[in-house]
Asks: 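Take a look at this one; I'll ask things after.
Everything numeric here is computed off the predicted structure, so don't read it as measured data. Protein chains get the first letters and strands the later ones, always in sequence-line order, with residue 1 at the start of each.
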Amino acid sequence: MTRSCALRRPPWYAPPAMADDKKTKADNLKLPTRTENFSEWYIELVKRAKLADNSDVRGSMVIRPNGYALWENVQRVLDKMFKDTGHQNAYFPVLIPESYLAKEKKHVADFAPQVAVVTHAGGKALPEGERYVIRPTSETIINRSFTNWVQSYRDLPLLINQWANVMRWEMRPRLFLRTTEFLWQEGHTCHETEADAQAETLKMLEVYKTFAQDFMAMPVLAGQKTESEKFPGADRTYSIEAMMQDKKALQAGTSHMLGQNFAKMFDTQFQGRDGQKHYVWQTSWGVSTRLIGALIMTHSDDAGLVVPPKLAPTHVVIIIIGRTPEERGPVKAKAEALAADLRKSGLSVLIDDDETKGPGFKYAEYELRGVCLRAELGPKDLEKSQCVLVRRDDRKKEFVPLADAVTKANAMLEQMQKDLYAKALALRDSNTFEVNSYDELKAKAEDGFLLAHWDGTPETEKRIKDELGLTTRNRPFELKQEPGKCVVTGNPSAGRIVFAKAY
RNA sequence: CGGGGUGUAGCGCAGUCUGGUAGCGCGUCUGCCUUGGGCGCAGAAGGUCGUCGGUUCGAAUCCGGCCACCCCGACCA
């Protein structure tokens, strides 16, 4: 059928597809490169590594097992950190009476465009005033409970966290980074004094920073957000900001000092040591599945996903090599023994004994999926009592005696964790600049983090955003604050702030 | 919501200009073969060509409406 059809073509006819035939099969399977098109690389990587799919609901995504496994590891580690700092988990409803949001004027005004409203239920239109919103965040409904829970200063501090989904109607969704529905945790706490609440706000920001650096191997700048970047309803907002490989900034976590704003709206009061009624001081803080996007864009390369060992669902994959059952049998036995030993040392191990795929295919496949370490084991290795270990990030082959394999694998993973951090830090440092004039700010707009003096006014901030597409990220604690002159207006500035293109 | 683009097999695409009833690569399935960087050979399955309508003897192809998705802007963790 194919043939007769082809013959019907005029003799000079050559299907355009022929042009691509020079490409090898391997070329066709490759990802777009980061330098060619970063955003296409990202999308393709997410899909090909089977992390997530777009769903038929615009802006919503399906998180596939490979992607969800990453989130589960994020959850496992953070949940422990929260509990170690005295927090408890609870769960609050996904539907919030619309009237709750309206109680906080700034809160409702800023969230309104992003909120999905339930207008019909039980087969009927809900009357005005009895409608529900799907939570975009839970400060309001949680405060409703807190009001009942808190009676006395003895009930404080109240330290609650919830793992949940939230919904914010987004105009321009992007897998993991910005989806209409996303998974997150939101911590909500009540304190007796302003100082206590402020301390909690910074403590949790520090927890996020530690998590980002020690587990995600992602350097972050912790600091305070400006007025206009502040959370609606907070007194102060803090964030951790990371630099992706395309030099754009990504807000990876936030922590808010809420003051008494929500307490006053919901009358959350306690009887103090002085016998008088006082409003509680509150905080809230959260990180989301956006972290998975951050993880990908920080470490991955043109071959696929790279995951820091401390968050990797699979640490080692053992590839069995051999032609015949006679060859494969002993190799497989040895592989299983090795896997058992590796597992005993705390690693997650996969053995690939699929005979229908060649080793080369498997190497590429596990690189795409981000398995940290590949162990190759074949007949030649058995003769020498060795195996081949290859780190995902540098892909250098090492021949290791089987007797040392467990120790070596663990050491390599530990080194990989460190190297990933160092590499990410080097990227950030070499793309962070002090700029001292508007022209320089403009010239370097695409170049990374720009430390500039700013007069502190929302007007100037907006002008820079409108004209250059740069937003303030935060005022990092680690950045020494010395007075200077605003690069736009020349007015006095208390210190430099980070400007960058942002996700 | 504005500007641009794309809808054809599971995925990536050609075919549309010039109408004649659908093809390529990858993947999948079967058999043989192969295994240290995406093996090879042979065979097979798989598509109401986004959707609705119009023109025509005849529409993936021409005309009109609608829908969806992607990219760029406004919003954002």
Side-chain angles (χ1 to χ4, degrees), chain A residues 1-6 8-9 13-30 37 39-40 43-44 47-48 53-59 110-114 136-137 166-174 176-180 182-186 208 225 229 231-232 237 239-241 250-256 284-291 293-294 303-304 319-324 327-328 331 352-368 374-381 387-388 390 395 397 399 465-466 469 471 502-503:
Chain A
M1 180 163 75
T2 304
R3 220 146 261 160
S4 65
C5 249
R8 245 187 265 146
R9 311 264 193 207
Y13 178 85
M18 295 295 276
D20 284 343
D21 281 359
K22 279 176 196 151
K23 276 191 181 174
T24 66
K25 193 164 151 191
D27 285 337
N28 287 328
L29 293 171
K30 285 200 164 99
N37 188 337
S39 94
E40 204 176 309
I43 292 167
E44 276 298 306
K47 291 184 176 171
R48 295 266 305 281
D53 287 337
N54 274 316
S55 84
D56 287 343
V57 181
R58 183 184 149 74
D110 284 21
F111 267 118
Q114 285 190 283
T137 178
V166 288
M167 181 165 276
R168 298 180 187 176
W169 219 256
E170 294 293 348
M171 296 174 185
R172 239 138 98 38
R174 209 142 139 52
F176 287 114
L177 298 178
R178 202 182 310 103
T179 48
T180 291
F182 58 96
L183 305 182
W184 79 345
Q185 59 67 217
E186 43 181 327
Y208 288 155
K225 287 287 206 184
E229 295 276 333
F231 173 74
T237 288
S239 71
I240 52 171
E241 303 280 336
L250 185 123
Q251 180 173 318
T254 51
S255 187
H256 313 292
S284 70
W285 26 274
V287 298
S288 71
T289 33
R290 168 176 259 205
L291 287 182
I319 312 278
I320 291 178
I321 296 160
R323 282 180 300 276
T324 59
E327 277 184 351
R328 294 182 77 88
V331 172
D352 190 330
D353 187 29
D354 183 354
E355 299 184 31
T356 68
K357 303 262 192 280
F361 179 89
K362 293 175 185 177
Y363 299 166
E365 186 64 19
Y366 291 107
E367 281 168 6
L368 177 64
R374 175 175 80 235
E376 301 169 15
L377 199 59
K380 291 182 204 165
D381 298 311
C387 68
V388 180
V390 185
R395 292 196 273 174
K397 292 196 179 197
F399 298 85
K465 185 177 177 182
D466 292 346
T471 51
Y503 275 100

Asks: CD1/A:I319 to CG/A:L377 distance, rounded to the nearest 0.5 angstrom?
Replies: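 The CG atom of A:L377 is 10.5 Å from CD1 of A:I319, to the nearest 0.5 Å.
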Asks: With heavy atoms under 4.0 Å as the rule, sort A:E327 into base, sugar-phosphate or nothing.
Replies: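 Result for A:E327 = nothing.
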Asks: Using the side-chain heavy atoms of A:R48, tell me which of these nucleotides is nearest: B:G38, B:G37, B:U35.
Replies: B:G38
Asks: Between B:A77 and A:F182, is there a base-stacking contact, meaning the centre of the base's six-membered ring lies under 5.5 Å from the residue's ring centre while the planes stay under 30° apart?
Replies: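 Given the distance and angle limits, yes, they stack.
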Asks: Determine which nucleotide pairs with B:C62, using a 3.5 Å limit on both distances of a Watson-Crick or G-U wobble pair.
Replies: B:G54
Asks: Does A:Y503 have A:R178 sitting over its ring (NZ/CZ under 6.0 Å from centre, angle to axis within 45°)?
Replies: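 Not flagged: A:R178 not positioned over aromatic ring of A:Y503.
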Asks: Considering only atom P, compute the distance from B:A59 to B:C63 and round it to an integer number of Å.
Replies: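 My reading of the P atoms in B:A59 and B:C63 gives 16 Å.
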Asks: Establish, with yes or no, whether the OP1 or OP2 oxygen of B:G10 is under 4.0 angstrom from a side-chain nitrogen or oxygen of A:K47.
Replies: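 So the side chain of A:K47 is outside the cut-off, no N or O lying under 4.0 Å from OP1 or OP2 of B:G10.
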Asks: Whom does B:G43 pair with, Watson-Crick or G-U wobble, provided both distances fall under 3.5 Å?
Replies: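 The answer is B:C29, by the H-bond criterion.
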Asks: B:A60 and B:G53: how far apart are their P atoms, nearest whole angstrom?
Replies: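 Taking atom P in both B:A60 and B:G53, they lie 15 Å apart.
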Asks: Nearest whole Å is fine: how far is B:G36 C1' from A:F361 CZ?
Replies: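 Nearest whole value for this atom pair: 17 Å.
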Asks: Is A:E365 salt-bridged to A:K357, going by a charged N under 4.0 Å from an acidic O?
Replies: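 Here A:E365 does not pair with A:K357 in a salt bridge, since their nearest N and O are not under 4.0 Å apart.
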Asks: Looking at every strand, decide which applies to A:F231 at a 4.0 Å heavy-atom threshold: base, sugar-phosphate, or nothing.
Replies: nothing
Asks: Nearest-Å distance, NZ (A:K357) to P (B:G38)?
Replies: 14 Å
Asks: For B:C49 versus B:C62, give the span between their C1' atoms, rounded off to a whole number of Å.
Replies: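 Here B:C49 and B:C62 have their C1' atoms 16 Å from each other.
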Asks: Measure up the A:H256 and A:F231 rings against each other and bin them: parallel (under 30°), tilted (30 to 60°), perpendicular (over 60°).
Replies: parallel
Asks: Using modelled atom types and a 3.5 Å cut-off, is there a donor and acceptor pairing between side-chain atoms of A:E229 and backbone atoms of A:K225?
Replies: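 Side chain of A:E229 to backbone of A:K225, a donor-acceptor pair under 3.5 Å: no, none is there.
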Asks: Among B:G36, B:A77, B:U28, which is the nearest nucleotide to the side chain of A:E170?
Replies: B:A77
Asks: Would you find a donor on one side and an acceptor on the other, under 3.5 Å apart, between the side chain of A:T471 and the backbone of A:K465?
Replies: no
Asks: From C-beta outward on A:D381, which listed nucleotide comes closest to its side chain: B:U35, B:G38, B:G36?
Replies: B:G36
Asks: By nearest nucleotide on RNA chain B, pick out whichever of A:Q251 and A:T356 is the more 5' one.
Replies: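 It is A:T356 whose nearest nucleotide is closer to the 5' end.
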Asks: Can you tell which of B:U35, B:G38, B:A77 lies closest to the side chain of A:E355?
Replies: B:U35
Asks: Starting from C1' on B:G5, measure out to CG on A:N37 and report it in whole angstrom.
Replies: 15 Å
Asks: Using the C1' atom as the reference point in each nucleotide, state the distance between B:C66 and B:G7 in Å, no decimals.
Replies: 14 Å
Asks: So what does A:T179 touch, heavy atoms closer than 4.0 Å: a base, only the sugar-phosphate, or nothing?
Replies: base
Asks: Taking CG from A:D352 and C1' from B:G37, how many angstroms apart are they, rounded to a whole number?
Replies: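 Roughly 14 Å, once rounded to whole Å.
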Asks: Scan A:V166 against the nucleic acid and name what it touches under 4.0 Å (heavy atoms): base, sugar-phosphate only, or nothing.
Replies: nothing
Asks: Could you check if a side-chain atom of A:E170 sits within less than 4.5 angstrom of a side-chain atom of A:R168, using non-hydrogen atoms only?
Replies: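 Sidechains of A:R168 and A:E170: in contact.
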Asks: Which nucleotide, in any strand shown, forms a Watson-Crick or G-U wobble pair with B:U48, with both distances under 3.5 Å?
Replies: none
Asks: Between B:C75 and B:G27, how far is it from one P atom to the other, in whole Å?
Replies: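 Each nucleotide's P atom is 45 Å from the other's.
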Asks: Taking the side chain of A:T254 as heavy atoms from C-beta outward, which of B:G37, B:G36, B:A77 is closest to it?
Replies: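 The listed nucleotide nearest to A:T254's side chain is B:A77.
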Asks: Return the set of residues passing side-chain hydrogen bond (donor to acceptor under 3.5 Å, both in side chains) with A:R328 (not counting sequence neighbours), or none when no residue passes.
Replies: A:D353
Asks: Suppose you measure atom P in B:G20 against the same atom in B:C29; what distance do you get, rounded to whole Å?
Replies: 36 Å
Asks: Which residues pass the side-chain hydrogen bond (donor to acceptor under 3.5 Å, both in side chains) test with A:W169, sequence neighbours left out?
Replies: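 Counting only residues at least two positions away or on another chain, A:W169 forms no side-chain hydrogen bond (donor to acceptor under 3.5 Å, both in side chains).
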Asks: Starting at atom CD1 of A:I321, determine the distance to atom C1' of B:G37, rounded to an integer number of angstrom.
Replies: 10 Å
Asks: For nucleotides B:G50 and B:G10, find the distance between their P atoms and express it as a whole number of Å.
Replies: 13 Å
Asks: Using a 4.0 Å heavy-atom cut-off across all strands, classify A:G378 as base, sugar-phosphate, or nothing.
Replies: base
Asks: Tell me whether A:R290 contacts the main-chain N or O of A:L177 through its side chain, where contact means a donor paired with an acceptor under 3.5 Å.
Replies: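 Flag set: sc A:R290 to bb A:L177 pair under 3.5 Å.
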Asks: If a protein heavy atom is under 4.0 Å from the base, mark B; if only from the sugar-phosphate, S; if neither, -; do that for nucleotides 67-74 of chain B going 5' to 3'.
Replies: --SSSSBB
Asks: With a 4.0 Å limit, can you tell me whether A:R323 has a side-chain N or O closer than that to the phosphate oxygens OP1/OP2 of B:U35?
Replies: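 A:R323 to B:U35 OP1/OP2: side-chain N or O found under 4.0 Å.
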Asks: Please give the distance between the C1' atoms of B:U34 and B:G38 as a whole number of Å.
Replies: 14 Å
Asks: Across all strands shown, which nucleotide pairs with B:A68 by Watson-Crick or G-U wobble geometry, both distances under 3.5 Å?
Replies: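 Matched B:A68 with B:U6 under the 3.5 Å cut-off.
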Asks: Is the base of B:C76 touched by the side chain of A:R168 through a donor-acceptor pair closer than 3.5 angstrom?
Replies: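 Per atom types, no contact qualifies.
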Asks: Rounding to an integer number of Å, can you tell me how far A:L177 CG sits from B:C76 C1'?
Replies: 12 Å
Asks: With sugar-phosphate meaning primed atoms plus P, OP1 and OP2, does A:E367 contact a base, only sugar-phosphate, or nothing at under 4.0 Å between heavy atoms?
Replies: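 Counting heavy atoms under 4.0 Å across all strands, the contact made by A:E367 includes a base.
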Asks: Can you tell me the base-pairing partner of B:C1? Count Watson-Crick or G-U wobble geometry only, both distances below 3.5 Å, and say none if there is no partner.
Replies: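 Result: B:G73.
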Asks: Closest approach to the side chain of A:K380, judged atom by atom: which nucleotide of B:G36, B:U28, B:G38 is it?
Replies: B:G36
Asks: Starting the side chain at C-beta, find the nucleotide from B:A77, B:G36, B:G37 nearest to A:R395.
Replies: B:G37
